[in-house]
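What follows is a single structure, written as structure tokens, with notes after it.
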Amino acid sequence: MKKLAAIVLIPLFLIGCSSEQTIQVSGITTDEEKRAEIESLIRDKKDVYTGTAIMVQDEVLIAIQVNPWLGFKEQKVEKELQKEIEEKYPDMNVLVSSDFKMHWETQKLLEEEDEKKVTDEVKKLKDLAKEET
């Protein structure tokens with residue numbers, strides 16, 4: 001019985017420990033250089049499992065999820081990434097959030113094609129995040 005449990009649980013554990021990052025950067029802005037650099041900054045954070053960045057004019061909304069076993073470092077990773085991006089782009093208004101609801105909402109915005117709606121939603125989400133903190 002123990003061997004059967006080990007045979008079933010070990011592959012599940014190994015699948016759950018995959019280290020593949022999923023990073024998506026989208027938005028209305030057409031500055032491909034900034035997109036690539038922001039994606040690179042997010043990708044360089046080894047603790048980030050998945051991330052979504054929405055760029056609208058001079059605003060950037062980044063939602064990240066850290067690796068599940070590093071949940072206690074979530075806030076630290078969030079602050080470090082925000083500081084790095086703000087230092088690199090002082091002219092942009094940046095918000096980095098590790099809140100799952102924010103990640104979910106940014107995923108929905110990736111599929112939206114109406115620029116006005118995306119701009120309004122980004123401002124609404126940023127205001128909501130500031131309210132909660």
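Side chains are part of it too, since the values below use all heavy atoms of this structure and drop only hydrogens, waters and symmetry mates.
Remark: Thr52 engages Gln107 in a side chain to side chain donor-acceptor pair (under 3.5 Å) (not counting sequence neighbours). For Gln65, the side chain to side chain donor-acceptor pair (under 3.5 Å) criterion is met by no residue, not counting sequence neighbours. Taking Ser98 as the reference, Ile64, Glu74, Gln75, Glu78 meet the side-chain contact (heavy atoms from CB on, under 4.5 Å) condition, with sequence neighbours excluded. Lys76 meets the salt bridge (Lys or Arg N to Asp or Glu O under 4.0 Å) test with no other residue; sequence neighbours excluded. Evaluation of the side chain to side chain donor-acceptor pair (under 3.5 Å) rule for Glu39 yields Arg43 as partners, not counting sequence neighbours. Every residue two or more places apart in sequence or in another chain was checked for a salt bridge (Lys or Arg N to Asp or Glu O under 4.0 Å) with Glu86, and none qualifies. Here Glu59 pairs with Lys123, Lys126 under the salt bridge (Lys or Arg N to Asp or Glu O under 4.0 Å) rule; sequence neighbours left out. The salt bridge (Lys or Arg N to Asp or Glu O under 4.0 Å) test applied to Asp120 returns Lys116, not counting sequence neighbours. Listed by chain and number, the residues in a side-chain contact (heavy atoms from CB on, under 4.5 Å) with Ala53 are Val25, Ile38, Ile42, Ile62 (sequence neighbours excluded). In this structure, the side-chain contact (heavy atoms from CB on, under 4.5 Å) partners of Lys124, at least two apart in sequence or on a different chain, are Glu121.
Side-chain contact between Val60 and Val122 is absent, with no heavy atoms from C-beta onward closer than 4.5 Å. Using a 4.5 Å heavy-atom threshold, the side chains of Glu33 and Glu37 count as touching. Considering only heavy atoms from C-beta on, Thr50 stays 4.5 Å or farther from Val48 through its side chain.
Under a hydrophobic-cluster definition in which Ile, Leu, Val, Met, Phe, Trp and Tyr are linked whenever side-chain heavy atoms come within less than 4.5 Å, directly or via other members, Ile54 and Trp104 are assigned to different clusters.
Taken from NZ in Lys34 to CD1 in Ile85, the straight-line distance is 12.0 Å, to the nearest 0.5 Å.
Between Lys108 and Glu105, at least one side-chain N (NZ, or NE/NH1/NH2) sits under 4.0 Å from a carboxylate O, which counts as a salt bridge. Using a cut-off of 4.0 Å between Lys/Arg side-chain N and Asp/Glu carboxylate O, Glu80 and Lys83 are scored as not salt-bridged.
Taking all atoms of both residues into account, the shortest heavy-atom contact from Leu61 to Met102 is CD1-SD, 4.1 Å.
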